[in-house]
Amino acid sequence: MTIHAAPLEASDKPRKRERQKWWWFPYAIVAPAVLLELFIHIIPLLTGIWMSFVKLTKFYIRRWTQAPFVGLENFSLSIDVSTAVGKGLLNSFLLTCAYTAIVVTISWSLGMAAAVVLQRPFRGRGLWRTIFLIPYALPMYAGIITWNFMLQRDTGAVNHFLVDQLHLFSDRPFWLIGNRAFLSLCIVAIWKMWPFAFLMLMAGLQSIPSDVYEAASIDGASPWRQFRRITLPMLSSVNVVLVLVMFLWVFNDFNTPFVLFGQAQPPAGDLISFHIYNASFLSWDFGLGAAMSVMLLLFLLLVTAVYLVFTNKRRENA
């Protein structure tokens, strides 16, 4: 029996012509995303880098393209701790590091604890999952504004509960000014962030077979040992991404202090993103603010690279 290949080759030619005719279609689909990425991220990023090398103050706002080139002067002024600008940026950076460490650590711990507790089925588990996710589903500004009302000194629900009901303070404390502002900022940020950790960790726990826990329980492993030997190792890939994302979000947090304190934030709530905003839009020195932003970007890129290298080596060794 002889098989003729000529008709098949002839039928392939129209298909090739059809593919050549629609060669532009994949590029047309990708083009809107590329253009949006270009105009929303790439061009503003390059513009900000250019602004960090010029003296773009209020005297050059109308002629911003003619601002004089100053090289690394904005960067040197930002890191010079002998000046008020450098000292203020250093204090804001250290405050942001402490704020990030506290918020990420407590948010991850609460999310992990809630995910582990709600992993096994019991009556009312769906209701508790829904309640825990309310802060994450609630619009950010609505939630922070509600906290602002609750933390007011005279009419806030926090002082009413702590002073009038529990009698823990003899006088109504200030929560949005002074040193207690940092505590209030951390509480609001944790309330807003921990449901995200809970959601990601709960999704990761779904991939762990229940047979593993049953076998460990039969072998006599305690719940704490099961958590250390089974849960944490099998969630390592989720935790690597989760901790990195939470770190970047919290370190760059601008909405929480801005909505909670307004433009006149106390020194205890002067996070670095808010500090850069004040340096740019209140002092009208956009070149200095751009230099601070570029240094913040380089710092976050460096931390991200070191973190990924460390976690990858640790995974390879394991």
Review point. In terms of hydrophobic clustering (I, L, V, M, F, W, Y; side-chain heavy atoms under 4.5 Å; direct or indirect links), are Leu298 and Leu77 co-clustered?
Key: yes
Study note, to complete from the structure: Note: Leu288 and Ser78 closest approach over all heavy atoms is CD1-OG, 3.2 Å
Check your understanding: Under 3.5 Å, side chain of Asn74 to main-chain N/O of Ser52, donor-acceptor pair present?
Key -> yes
Review point. What residues, two or more places apart in sequence or in another chain, satisfy side-chain contact (heavy atoms from CB on, under 4.5 Å) together with Thr105?
Key: Ser109
Point to revise | Within 6.0 angstrom of Phe149 CZ, more than 12 heavy atoms from elsewhere | key: no
Practice item. Would you check if Ile187 and Leu151 make a side-chain contact, meaning some heavy-atom pair closer than 4.5 Å? Key: no
Practice item. Would you indicate whether Asn179, at its atom CG, is surrounded by more than 12 heavy atoms from other residues, nucleotides or ligands within a distance under 6.0 Å? Key: no
**Study point:** Value rounded to 0.5 Å, distance of CZ in Phe227 from CG in Leu235
**Key:** 8.0 Å
**Study point:** Atom CZ of Phe25 with >12 non-hydrogen neighbours under 6.0 angstrom
**Key:** no
Check your understanding: So do the side chains of Pro209 and Met234 get within less than 4.5 Å of each other, counting heavy atoms only?
Key -> yes
Practice item. In sequence, state the C-alpha distance, the side-chain angles, and the governing distance for His275 and Thr96, and then conclude on side chain to side chain contact (heavy atoms under 4.5 Å, CB included). Key: CA-CA 10 Å; His275 187 86; Thr96 307; over 6 Å; no
Exercise for review: Decide yes or no for Asn239 and Met112: does some side-chain heavy atom of the first lie under 4.5 Å from some side-chain heavy atom of the second?
Suggested key: yes
Check your understanding: According to a 4.5 Å side-chain heavy-atom criterion applied to Ile, Leu, Val, Met, Phe, Trp and Tyr, with indirect links allowed, do Trp284 and Met51 form part of one hydrophobic cluster?
Key -> yes
Check your understanding: Which ILVMFWY residues are connected to Val70, directly or by a chain of links, through side-chain heavy atoms under 4.5 Å apart?
Key -> none
Practice item. Report yes or no: do Phe39 and Ile29 belong to one cluster of Ile/Leu/Val/Met/Phe/Trp/Tyr joined by side chain heavy-atom distances under 4.5 Å? Key: no
Point to revise | Side-chain donor/acceptor of Asn159 to backbone N/O of Pro173, under 3.5 Å | key: yes
Exercise for review: Give a yes or no on whether the backbone of Leu260 and the side-chain of Asn148 come within a donor-acceptor separation of less than 3.5 Å.
Suggested key: yes
Review point. Can you find a heavy atom in the side chain of Arg153 that is under 4.5 Å from one in the side chain of Val163?
Key: no
Exercise for review: Find the distance between OH (Tyr307) and CG (Leu302) and round it off to the nearest 0.5 Å.
Suggested key: 15.0 Å
Check your understanding: Can you name the nearest heavy-atom pair linking Ser92 to Asp270, along with the distance?
Key -> OG-O, 2.9 Å
**Study point:** ring-ring contact (aromatic ring centres under 6.0 Å, His included) partners for Phe247, two or more places apart
**Key:** Phe251
Practice item. Output the distance between atom CD1 (Ile40) and atom CG (Leu36), rounded to the nearest 0.5 Å. Key: 5.0 Å
Check your understanding: Stepwise, does the side chain to side chain contact (heavy atoms under 4.5 Å, CB included) test hold for Trp191 with Leu138?
Key -> CA-CA 11 Å; Trp191 172 86; Leu138 195 67; 3.8 Å; yes
**Study point:** Ile218 with Tyr213, same ILVMFWY side-chain cluster at under 4.5 Å
**Key:** no
Review point. Quick check: are there more than 12 heavy atoms from other residues, nucleotides or ligands sitting under 6.0 Å from CZ of Phe310?
Key: no
Practice item. Could you check if a side-chain atom of Ile102 sits within less than 4.5 angstrom of a side-chain atom of Phe182, using non-hydrogen atoms only? Key: yes
Check your understanding: Listed by chain and number, what are the ring-ring contact (aromatic ring centres under 6.0 Å, His included) partners of Phe281, not counting sequence neighbours?
Key -> Tyr277, Phe286
Review point. Looking at OG of Ser280 and CE of Met292, how far apart are the two atoms once the value is rounded to the nearest 0.5 Å?
Key: 7.5 Å
Review point. Between Leu244 and Val306, is there a shared hydrophobic cluster once you connect ILVMFWY residues whose side-chain heavy atoms come closer than 4.5 Å?
Key: no
Check your understanding: Side chains of Met150 and Val188: closer than 4.5 Å at any heavy-atom pair?
Key -> no
Review point. Considering only heavy atoms from C-beta outward, does the side chain of Asp80 approach that of Val85 to under 4.5 Å?
Key: no
Revision key, fill the gap. Heavy atoms of Ala115 and Met202 approach each other most closely as CB-N, 3.8 Å
Check your understanding: How far does CG of Leu89 sit from CD1 of Ile79, to the nearest 0.5 angstrom?
Key -> 9.5 Å
Practice item. Compare every heavy atom of Arg125 with every heavy atom of Leu118, then report the nearest pair and how far apart it is. Key: O-CD, 3.0 Å
Exercise for review: Would you check, one step at a time, whether the test side chain to side chain contact (heavy atoms under 4.5 Å, CB included) holds for Leu297 with Leu45?
Suggested key: CA-CA 10 Å; Leu297 173 63; Leu45 175 64; 3.8 Å; yes
Point to revise | Test applied, side chain to side chain contact (heavy atoms under 4.5 Å, CB included); reference residue, Tyr99; option that passes from Val250, Leu94, Val104 | key: Val250
Point to revise | Exceeds 12 heavy-atom contacts within 6.0 angstrom, atom CZ of Phe161 | key: no
**Study point:** Minimal non-hydrogen separation, Gly269 against Pro257, with atom names
**Key:** O-CB, 4.0 Å
Exercise for review: Provide the closest heavy-atom pair for Leu201 versus Gly111 in the form atom of the first, atom of the second, distance.
Suggested key: CD1-C, 3.8 Å
Check your understanding: Taking the six-membered ring for Trp, are Phe69 and Phe53 parallel (under 30°), tilted (30 to 60°) or perpendicular (over 60°)?
Key -> parallel
Revision key, fill the gap. Across all chains, not counting sequence neighbours, the ring-ring contact (aromatic ring centres under 6.0 Å, His included) partners of Phe261 are none
Revision key, fill the gap. Taken to the nearest 0.5 Å, the spacing of Leu296 CG from Ile272 CD1 works out to 5.0 Å
Review point. Under the side chain to side chain contact (heavy atoms under 4.5 Å, CB included) criterion, do Asp253 and Val103 qualify, and how do the steps go?
Key: CA-CA 11 Å; Asp253 191 9; Val103 173; over 6 Å; no
Review point. Would you call Leu271 and Leu185 a side-chain contact if the rule is heavy atoms closer than 4.5 Å?
Key: yes
Review point. Taking only residues two or more places apart in sequence, or in another chain, which ones meet Phe132 in a ring-ring contact (aromatic ring centres under 6.0 Å, His included)?
Key: Trp128, Trp194, Phe198
Review point. Within a reach of under 6.0 Å around CZ of Phe122, are more than 12 heavy atoms found that belong to other residues, nucleotides or ligands?
Key: yes
Check your understanding: Under 3.5 Å, side chain of Gln226 to main-chain N/O of Ala221, donor-acceptor pair present?
Key -> yes
